[in-house]
Amino acid sequence: MIEPGREAEVEALFADVGRGETAGWSTGDVAIAADRIRASFAGLRGAKLAVDLRRARPGAGAGPRTPSFALSVAERDGLGDADAAAAAAAIGRASARHP
């Protein structure tokens, strides 16, 4: 999925997290695996969120996306389902500025 040597490009996806609608969130670890990117985020009041980014496929279900990736909530702590989904969607919109 992600070729070696592109780590800086992957990290750049999250450069705008912490601004605008993602204010209060900060990017933690970003792990690149063969089939996905997992990014961890810390929010207000100790909330934690891990999001998986996988190659977007045409016709795939609705959900947070960037031009290249579909996002899904992998882990959450201190957030309900709706809040985790909303945060993932906001992170997706912030990341979409860096396809």
Side-chain angles (χ1 to χ4, degrees):
M1 177 174 159
I2 305 295
E3 300 84 21
R6 299 191 65 189
E7 292 83 0
E9 290 175 67
V10 171
E11 290 182 8
L13 287 170
F14 309 108
D16 287 341
V17 171
R19 299 180 204 152
E21 68 178 319
T22 59
W25 287 94
S26 61
T27 305
D29 293 332
V30 177
I32 303 170
D35 64 337
R36 72 175 179 273
I37 299 166
R38 178 162 292 174
S40 299
F41 303 92
L44 300 174
R45 295 178 291 284
K48 295 181 182 176
L49 179 68
V51 176
D52 284 347
L53 290 81
R54 297 179 189 269
R55 180 76 55 205
R57 293 192 172 96
R65 302 175 70 90
T66 74
S68 302
F69 298 101
L71 283 74
S72 61
V73 174
E75 299 173 11
R76 61 183 171 81
D77 184 24
L79 295 168
D81 290 341
D83 289 337
I91 289 166
R93 287 188 292 276
S95 299
R97 293 188 283 272
H98 302 279

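Treat the numbers as computed from the prediction; the structure is a model and nothing was measured.
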* To do: Quick one: list whatever passes salt bridge (charged side-chain N to carboxylate O under 4.0 Å, His left out) with D81, sequence neighbours left out.
  =>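 D81: salt bridge (charged side-chain N to carboxylate O under 4.0 Å, His left out) contacts with R76.
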I need the minimum non-hydrogen distance between [X] and [Y], along with the two atoms involved.
X	Y	value
L49	A88	CD2-N, 4.0 Å
V73	A84	CG2-O, 3.7 Å
G78	A47	O-CB, 4.2 Å
L79	K48	CD1-O, 4.0 Å

* Asked: CZ of F69 to CZ of R54: how many Å apart, nearest 0.5 Å?
  ->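 Answer for the CZ-CZ pair, F69 versus R54, is 11.5 Å.
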* Asked: Between CH2 of W25 and CD1 of I91, what distance do you get to the nearest 0.5 Å?
  ->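 Going from CH2 on W25 over to CD1 on I91, the span is 6.0 Å.
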* Partner of R38 under side-chain contact (heavy atoms from CB on, under 4.5 Å), chosen from D52, D29, I32 ->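 Exactly one pass, corresponding to D52.
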* **Any donor-acceptor N/O pair, T22 side chain to A90 backbone, under 3.5 Å** =>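 Not confirmed, T22 side chain does not pair with A90 backbone.
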* side-chain contact (heavy atoms from CB on, under 4.5 Å) evaluation trace for F14 with V51 -> CA-CA 11 Å; F14 309 108; V51 176; over 6 Å; no
